J.: 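Let me give you the structure first, and then I'll get to my questions.
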Amino acid sequence: MSHDDFPTDRPAVVTCGLPYATGDLHVGHLRTYISGDVLSRALDTLGQNNAFVSGTDMHGTPVAVQAAKEGVDPETYALRLHEKYADTFPEFGIEFDNYSHTHDETNAELTREFVRAWIDNDHVYEKEIEVAWDPEVDEPLPDRFVEGTCPYCGEKARGDECDEGCQRHLEPGEIEDPTSTLTGNPAEYRTRSHKFLRLNDFKEYLGEFLDRLEGTSNARNQPREWVEGELQDLCITRDMDWGIDYPGESEEDLVLYVWVDAPIEYVASTKQYSERVGSDEYDWERAWKEDGEIVHIIGRDIIQHHTVFWPAMLRGAGYNEPRAVMASGFVNLNGKAFSTSRNRAIWADDYLEEGFHPDLLRYYLVTAGGFQQDVDFAWDRFQERVNGELVGTVGNFWYRSLLFAYRNYEGTPDAELSTEVRDRIEDAIAEFREGLNDYSLRETGAAATRLARFGNEYIQRNEPWKLEAESDEARQVIRDCVQIAKAVGVLIEPIAPGKAQALWDQLAEDGSVHDARLEAALAAPPRKFDEPDELFEKIEDDRVAELEAKLEERVASFDDGESSEDAEEGDGETGEAGGDADLEPLLADRIGFEEFQDLDIRVGRIEVAEGIEGADDLARLEVDVGLERRQVVAGIKQLHDLSELPGEKCILLANMEPAELFGVESNGMILAAGDEADLLTTHGDAEPGERIR
RNA sequence: UGCGGGAUAGGAUAAUGGCAGUCCACGGGGCUCAUAUCCCCGAGAUCCAGGUUCGACUCCUGGUCCCGCAACCA
């Protein structure tokens, strides 16, 4: 790698974080892949030798679990998704030079080479650890599949971290009352021997690496804490069948951790590309082992993997290091996070089925905000950007210029490019180049739209429609405008490759705009071309209303009436997170006093609280309501420390119909507020049995 | 009680400590080759509380809110 401005005379690699084979792609995922594609195309435009690669991440427990659920083997399952992804990307103009998957032999072989190199360089050691195990399915449980009680603060916690309580990191085996989230059964611990990559060998190196890393600032800063403190060595093996076998001495049932073979796929995929086109055209070994410019494009949730584990892995095997990591923000929907489980998302297929050109989404996602910022997707904002910038500014300028040129000159009029316009295009080229070297993709787009805006201003200022068509002055103005139109096409090609090619065709340019370099922006357009068409279409208001309604309907049907707030416009409300769910609207239907009187609400005291075996959320409570002791089932197992509840006062709806849940009879309903089930109680000294009115 | 990122007008984005600028949207006026553009005018902003300073969006202290943080997570 180097710190020279692009283009350099070294091979570059642009990678995108691997999509994980467990679900469909939505526009949030697409942001990463579109950004990678834009960067790669922009580097092409600069004349940088580069490869754009990625692949599907096929290994790991979740794939195996998901496959088992569907009754197929993991490979079949993962390959099906792999093919789906491989088909989807080109539909958005995302054209990898190579797109493979981690189960491919190239990757398996290369991964084993990496691991052997670590072993040879003495970076790997073996240690016995306690592994959580689900006795029913006889599978080891990765940390995330274990829940229990934090030994420090007593809160409910995940296997690896007390995520809701004291935030402490938990070592395997520390958590109390471990249960499997797969089956709800108590988890066992078994002693297993595992392999570790000694990250501490690279501690000093990683600090220096972060100092020179380019890309987004979050990628440089976030891992600092780890690198400066005590690094936990990385456990690189798992007790599983599905994955790449650990290559050392015969450890039959150990496979490599997915985060080992996943990033190596970047290298494997590049190697495949190189082998396909020949090393004269692209030299993967130079790129990865010597001085290539490696740029990783990822979501900001996997920064650590790319700035700590991965550079250590490369270093340990004697490879080159990344030059830049660009960690993007997320995409929100109407101001709130996507929720795939509630179908609150715009799926890749949905977008295409609506008939929108992929370039519109590409433009929106790349220019809607800073790269490390979260961007909001909303159909009305999408409409605003498309109509204002692509239709109004770029499309309108392209069409009016080419139409005027066609009508009066049947192509580009015979005149020299004016100095003013030449200078302005050169400025735009410089802005594009500087933007790219700042890793600001939106700036490359802004350079193009600003130039189109200048074009509109230029044609307006010179009013060629008021001039004699055959006059030198009119020829000059239109020649300039056609040149600007062409230059905008060259500069916007990375973001809108389809539309840029359409313009190229209208200009009767030979070849592909994708091969055009920056110099093409100043090269004369063809003398003759045909009547142009409008390249961007307006999105009408009723179309937007329809799209919004469709989305609301879908989300609402998933919500099952439990929280209808999602069906509302997200007007002005800031995003929510944590326990503060958006408030449900107050009910408009009023009830009479008599109806209220029908509710027999009592003060109670919890005497017994225990989880119901086999149920995720349910707890069995015995509540003293003065006159008698009631057994009640409440969905609070996950939300409260049951051992602390006895003795607490609560509020009970006593005349609730009896119900049987998980074989346990429930005779009443404990009142609690919100998603976190904040239990209602009394402020004063009301005794169990007292009525609430 | 931790770490990182963020908070500037309705939205998006700028400002070595020195006139808070730009784009979209909004109100008013003009121009018209084009799917309407461009020009002119107008309204509108630095998360809060202190401090340093001649001067603070910027630096310092304290706080609030949002997002993420060794999982399958873009």
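Every value quoted in this text rests on a predicted model; they were computed, and no experiment measured them. To find a chain, count down the sequence lines: A is the first, B the second, and so on, and within it residues start at 1.
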J.: Nearest to the side chain of A:Y399, which nucleotide is it out of B:rC33, B:rG4, B:rU35?
T.: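 Looking only at side-chain atoms, A:Y399 lies closest to B:rU35.
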
J.: Could you work out which one of B:rC33, B:rG5, B:rA74 sits closest to the side chain of A:R407?
T.: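 Nearest to the side-chain atoms of A:R407, counting from C-beta on, is B:rC33.
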
J.: Taking the C1' atom in each of B:rC3 and B:rU46, what is the distance between them to the nearest angstrom?
T.: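 To the nearest whole Å, 27 Å.
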
J.: Any base atoms under 4.0 Å from A:V375, or only sugar-phosphate, or nothing? Heavy atoms, all strands.
T.: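 Nothing: the residue A:V375, judged by heavy atoms under 4.0 Å, touches no strand.
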
J.: Can you check whether A:Y20 stacks with the B:rC72 base, using ring centres under 5.5 Å and planes within 30°?
T.: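 Given the distance and angle limits, no, they do not stack.
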
J.: Please tell me whether A:H59 and A:W242 form a close aromatic pair, meaning their ring centres lie under 6.0 Å apart.
T.: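 Yes, ring centres under 6.0 Å apart.
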
J.: Tell me if the aromatic rings of A:Y439 and A:F371 count as close, with their centers under 6.0 Å from one another.
T.: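 No, too far apart.
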
J.: Of the candidate nucleotides B:rU32, B:rG5, B:rA71, which contains the atom at the shortest distance from the side chain of A:Q372?
T.: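 So the side chain of A:Q372 is nearest to B:rG5.
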
J.: Which nucleotide in the set B:rC24, B:rG6, B:rC72 lies at the smallest distance from any side-chain heavy atom of A:E384?
T.: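 Per side-chain heavy atoms of A:E384, the pick is B:rC24.
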
J.: With the side chain of A:R442 defined as its heavy atoms from C-beta on, choose the nearest nucleotide among B:rC33, B:rA12, B:rA74.
T.: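 Shortest atom-to-atom distance from the side chain points to B:rA12.
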
J.: Reading nucleotides 36-44 of chain B 5' to 3', which nucleotides get B (base under 4.0 Å from a protein heavy atom), which S (sugar-phosphate only), which -?
T.: SBBS-----

J.: Rounding to a whole Å, what distance do you find between A:N218:CG and B:rA74:P?
T.: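 A:N218 atom CG is separated from B:rA74 atom P by 16 Å.
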
J.: Using a 4.0 Å heavy-atom cut-off across all strands, classify A:L25 as base, sugar-phosphate, or nothing.
T.: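 Since no nucleic acid heavy atom lies under 4.0 Å of A:L25, the category is nothing.
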
J.: Starting at OH of A:Y364 and ending at P of B:rA12, how long is that distance when rounded to a whole Å?
T.: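 After rounding, the reported distance stands at 9 Å.
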
J.: Are the ring centres of A:H101 and A:Y85 closer than 6.0 Å?
T.: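 Not close enough - the centres of the two rings lie 6.0 Å or further apart.
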
J.: Distance check needed: B:rU13 P versus A:E431 CD, whole Å only.
T.: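 Rounded to whole Å, this separation is 19 Å.
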
J.: If a pair satisfies side-chain hydrogen bond (donor to acceptor under 3.5 Å, both in side chains) and one of its residues is in residues 387-403 of chain A, list it, with sequence neighbours excluded.
T.: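 Applying side-chain hydrogen bond (donor to acceptor under 3.5 Å, both in side chains) to every pair that reaches into residues 387-403 of chain A, excluding sequence neighbours, yields A:Y363-A:E389, A:R385-A:E389, A:R400-A:N456.
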
J.: Could you tell me how far apart A:W465 (CH2) and B:rA34 (P) are, to the nearest whole angstrom?
T.: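 In whole Å, B:rA34 P and A:W465 CH2 are 10 Å from each other.
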
J.: Between B:rU35, B:rC67, B:rC33, which one does the side chain of A:F330 approach most closely?
T.: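 Closest nucleotide to the A:F330 side chain: B:rC67.
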
J.: For A:F92, does its backbone N or O pair with a side-chain atom of A:R362 as donor and acceptor, under 3.5 Å?
T.: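 Side chain of A:R362 to backbone of A:F92, a donor-acceptor pair under 3.5 Å: yes, one is there.
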
J.: Do A:Y266 and A:H296 make the cut of ring centroids closer than 6.0 angstrom?
T.: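 Yes; A:H296 has its ring centre under 6.0 Å from that of A:Y266.
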
